[in-house]
Amino acid sequence: MVQAQNMILRIALPTPLRRLFDYLPPQPIDPTSLISGIRVRVPFQTRTLVGILVEVVKETSVPLEKLKTALELLDKEPIFSEDIYQLCQWSASYYHYALGEVLAGALPVALRKGKPAEIKKKPVSIEGEREHPPELNPAQQEAITKIGDANEAFRVFLLDGVTGSGKTEVYLHAIADILAKDKQVLVLVPEISLTPQTIARFQARFQVPVIALHSSLSETERLQAWLLARSGEAKVVIGTRSAVFTPFQRLGLIIVDEEHDTSFKQQDRFRYHARDLAVMRASINQIPVVLGSATPSLESLLNVKRERYIYLSLPERAGTAQLPQYHLLDVRHLPMEEGLSSVLLESMRSHLQQGNQVMLFLNRRGFAPVLYCTQCAWIAACKRCDTRMVYHRTPPRLQCHHCDARREIPARCGECGEAALQPVGIGTQRLEDALQKYFPDVPIIRVDRDNTRRKGAMQNLLEQINENNSAILLGTQMLAKGHHFPHVTLVGVVDADSGLFSVDFRAAEQMGQLLLQVAGRAGRAEKPGTVLIQTRHPEHPLLQTLIQHGYSHFAATLLMEREQAVLPPFSHFAVFRAESYAEQHAAHFLSAIKEICTASAGAVTLLGPVPALIAKRKGVYCQHLLVKADRRGTLQHLLKNVLQHIEKLSPGHSVKWVLDVDPVEVV
Ligand code: ADP
Ligand code: ZN
Ligand code: ZN
């Protein structure tokens with residue numbers, strides 16, 4: 001045993017402060033047990049925290065008598081492998097987030113709390129019959145060959161394949177090649193598409209342990225899954241966003257399905273983009289990564305154009321399935337009933353008569369978006385947010401979709417007292433009512449957040465859809481993404497206009513992606529599909545480009561527009577978001593940041609502070625300051641500089657703020 005005084009532990013702690021903390025080792029200490037990357041329990045203010053030992057140093061700027069002593073070393077081996085540690089460090093510096101929080105966030109909750117990292121159970125048993133792959137078509141074959149040509153070196157592939165083109169089949173073959181070399185594979189999927197079917201499909205194909213990392217796992221289950229990946233026993237890990245931090249024994253390939261999906265971007269606290277981190281991770285591990293989508297993001301398409309990514313294309317549907325036919329319905333000139341035009345109703349009738357399924361897409365849950373007074377034009381608003389209350393019928397109540405506040409439905413107007421309130425506009429519940437009236441004999445299956453909250457509810461609905469022959473499926477984007485519904489031959493988009501005139505510069509891209517994803521549900525098997533799109537703006541050039549020339553043209557047009565306007569991906573954004581109970585505090589704080597930014601050298605543009613689109617949420621006022629630079633390096637340099645100053649600003653407890661690098665929405 002040696003004297004502790006010349007050993008100082010530099011520890012990353014889960015606190016928002018962007019620095020490391022120095023402690024003395026617990027006594028007595030065997031110096032060989034002080035390995036970087038182990039967990040250490042330490043006293044911090046009035047609590048104890050679990051931190052990560054970053055290094056052992058000889059000197060500290062903290063006076064020795066003030067140094068506290070660590071309580072306990074929790075691991076004998078580093079909890080972080082070298083690659084995950086590097087990924088966390090890179091993320092902390094790129095997203096300007098405290099390293100201690102990034103490291104803690106990368107661990108399962110049980111480990112964050114200091115529980116031991118011990119495998120308790122054996123790997124999941126392998127169920128299901130072995131499934132045999134279909135014969136690949138030439139486009140699929142070429143894609144797989146090119147991925148194989150990477151020969152396990154770092155390459156980024158963009159697999160651009162129309163809906164139903166057999167992208168999953170390409171993933172499965174690429175995975176098989178890696179498994180044959182006794183390596184592991186990480187598959188990232190959006191929140192919505194991680195269904196038991198997806199997992200079963202992987203399991204059935206490979207007959208190896210496949211584990212899923214999703215939000216409904218218990219703390220212990222998640223820890224066990226994490227440990228099985230780390231030990232190499234789990235061969236394939238399928239997970240949502242945070243699975244990008246899973247440790248592996250021998251990782252050989254990463255796949256990111258639906259890479260354009262914005263759910264890969266974490267929207268609170270540590271605002272990382274899991275797709276971007278997947279590419280970074282592949283580069284750290286020197287392995288290939290495949291980004292797949294029917295509607296690739298403009299970022300990835302530009303990377304292809306700049307020859308950073310290798311482009312793989314599946315231009316046609318697999319097997320005998322055909323791409324659907326699109327028609328725009330100008331609802332200004334058609335008789336309408338409850339939001340449905342006569343043409344759409346007629347077409348639904350004929351598809352249903354043939355025993356097929358119809359899917360209606362409406363991205364608005366609830367009964368009606370507005371409760372309106374026909375006497376004085378009063379509108380029921382949320383008391384805590386700058387928004388309207390949504391009228392729900394089952395169960396009956398007013399509900400705020402931003403803070404989840406609930407109220408009874410008033411019998412009289414809040415302003416003039418008349419019993420003249422009327423729900424205005426159409427949500428999924430109202431559409432369901434109307435459909436029951438028009439199609440009394442047809443089962444109607446509604447899929448939105450209100451009726452899928454219970455565990456297993458979504459699964460039940462999906463099973464119903466697969467059983468039923470003639471049926472109407474009705475839902476929000478939950479229904480639009482990723483699912484395979486072989487009996488759907490008609491897709492109706494009830495209202496295509498919401499994305500056309502939004503203030504967010506990404507709205508058009510997202511509208512196009514969503515429309516094509518929805519449309520992609522039609523005619524995925526032998527039966528051909530039709531897509532009817534209701535709009536008040538059939539002449540809108542973007543809508544026209546999308547329908548007539550397809551997504552590639554649409555995306556190319558948007559890229560050109562972004563280039564001309566010098567918007568991302570041709571420039572780089574970061575947003576400071578500040579919140580305060582008093583209206584002025586957030587704005588003042590951001591103005592101070594703006595001054596610091598202006599004083600720092602660097603070619604950046606500053607916009608704001610401005611109130612957020614929803615200026616008040618849950619009783620808190622939100623303001624934004626947008627920082628824009630032509631070069632990523634310039635932006636990063638400025639942010640780093642500015643953050644050092646901001647920490648000295650100390651807004652006290654009255655302002656909460658976050659920095660969002662590469663925001664997916666700026667409103
Ligand atoms: P995507 O992920 O591109 O939307 P999938 O991989 O889910 O498409 O494939 C769509 C359907 O086509 C699936 O039912 C799949 O089994 C089938 N399929 C894929 N490749 C082939 C092929 N080469 N021949 C016949 N059917 C195929
Ligand atoms: Zn009134
Ligand atoms: Zn609210």
Side-chain angles (χ1 to χ4, degrees), residues 131-144 159-175 187 189-190 193 195 197-198 201-202 204-205 255-259 290 292-296 312-324 371-390 397-407 410-422 466 480-487 516-527 529 614-620 622:
E131 180 216 82
H132 291 283
E135 202 167 315
L136 298 177
N137 62 38
Q140 287 172 317
Q141 192 56 65
E142 192 183 328
I144 290 159
L159 177 62
D160 178 357
V162 297
T163 51
S165 59
K167 290 186 290 299
T168 313
E169 207 48 59
V170 172
Y171 304 151
L172 292 169
H173 273 79
I175 292 170
V187 183
V189 297
S193 54
T195 60
Q197 280 96 330
T198 317
R201 191 164 169 198
F202 280 78
R205 178 65 65 89
I255 287 166
V256 183
D257 192 25
E258 311 287 1
E259 65 89 26
V290 179
S293 176
T295 52
L312 309 171
S313 157
L314 304 179
E316 280 161 21
R317 280 198 162 172
T320 52
Q322 296 288 305
L323 276 174
L371 184 65
Y372 173 82
C373 174
T374 52
Q375 287 293 312
C376 75
W378 174 84
I379 284 170
C382 177
K383 293 195 171 85
R384 307 201 298 156
C385 308
D386 230 1
T387 54
R388 295 158 175 183
M389 294 293 271
V390 177
R397 62 177 171 225
L398 295 179
Q399 196 178 323
C400 173
H401 285 185
H402 294 278
C403 73
D404 215 34
R406 287 143 197 230
R407 261 194 279 157
R412 296 178 172 279
C413 171
E415 189 71 31
C416 71
E418 291 290 319
L421 296 179
Q422 218 173 58
N466 285 331
K481 292 184 179 178
H483 303 293
H484 188 63
F485 302 133
H487 310 298
L516 284 200
Q517 295 287 341
V518 177
R521 302 311 111 211
R524 284 173 65 96
E526 303 79 46
K527 304 166 179 172
I614 296 168
K616 194 176 132 201
R617 268 181 203 235
K618 301 188 192 183
V620 177
C622 315

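Note that ligands are numbered from 1 as they come in the structure, with each ligand's atoms numbered from 1 the same way. Keep in mind that the numbers below use all heavy atoms, side chains included, and drop hydrogens, waters and symmetry copies.
Inter-residue side-chain proximity for Asp257 and Tyr171 is flagged as met; some heavy-atom pair is nearer than 4.5 Å. Residues Arg521 and Thr163 meet the side-chain proximity criterion, which asks for heavy atoms closer than 4.5 Å. Within the 4.5 Å cutoff, the side chain of Glu169 has heavy atoms near those of the Arg205 side chain. A 4.5 Å side-chain heavy-atom check between Leu312 and Glu142 finds every atom pair outside the cut-off. Side-chain contact between Glu418 and Cys376: absent, with no pair of heavy atoms (C-beta onward) separated by less than 4.5 Å. The side-chain heavy atoms of Asn466 and Pro486, taken from C-beta on, include a pair separated by under 4.5 Å. Using a 4.5 Å cut-off on side-chain heavy atoms (C-beta onward), Pro324 and Arg317 make contact.
Listed by number with element, the atoms of ligand 1 under 4.0 Å from a non-hydrogen atom of Asn137 are 23 (N). Close contacts of ligand 1 with Lys167, meaning ligand atoms under 4.0 Å from a residue heavy atom, involve 1 (P), 2 (O), 3 (O), 4 (O), 6 (O), 8 (O). In the vicinity of Ala318, heavy-atom distances shorter than 4.0 Å reach the ligand 1 atoms 12 (O), 18 (N), 19 (C), 20 (N), 21 (C), 27 (C).
Here the protein heavy atom with the shortest distance to atom 14 (O) of ligand 1 is His484 NE2, 3.6 Å. Closest to atom 4 (O) of ligand 1 among all protein heavy atoms lies Gly164 N, 2.8 Å.
Taking each of Arg201, Gln140, Glu135 in turn, the one with a heavy atom nearest to atom 7 (O) of ligand 1 proves to be Arg201. Proximity annotation for atom 6 (O) of ligand 1: of Leu136, Leu172, Thr168, Thr168 comes nearest, heavy atoms only.
Here the angle centred on the Zn ion (ligand 2), running from SG of Cys373 over to SG of Cys413, is 110°, rounded to 10°. Annotation: angle subtended at the Zn ion (ligand 3) by Cys382 SG and Cys385 SG is 110°, to 10°. The SG atom of Cys376, the Zn ion (ligand 2) and the SG atom of Cys416 define an angle of 110° (nearest 10 degrees).
For residue His402, no N/O/S atom approaches the Zn ion (ligand 3) to within less than 2.8 Å.
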Exercise. Does the pair Glu258 and Lys167 meet the rule for a salt bridge (Lys or Arg N to Asp or Glu O under 4.0 Å), with working shown?
Worked result: CA-CA 10 Å; Glu258 311 287 1; Lys167 290 186 290 299; 5.8 Å; no

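Taking both residues in full, the closest heavy atoms of Pro410 and Leu398 are given as CD-CD1, 3.6 Å, listed atom of the first, atom of the second, then distance.
The proximity of Ser165 to ligand 1, defined as any non-hydrogen pair under 4.0 Å, involves the side chain as well as the backbone.
An N or O contact shorter than 3.5 Å links Gly166 to ligand 1 by distance.
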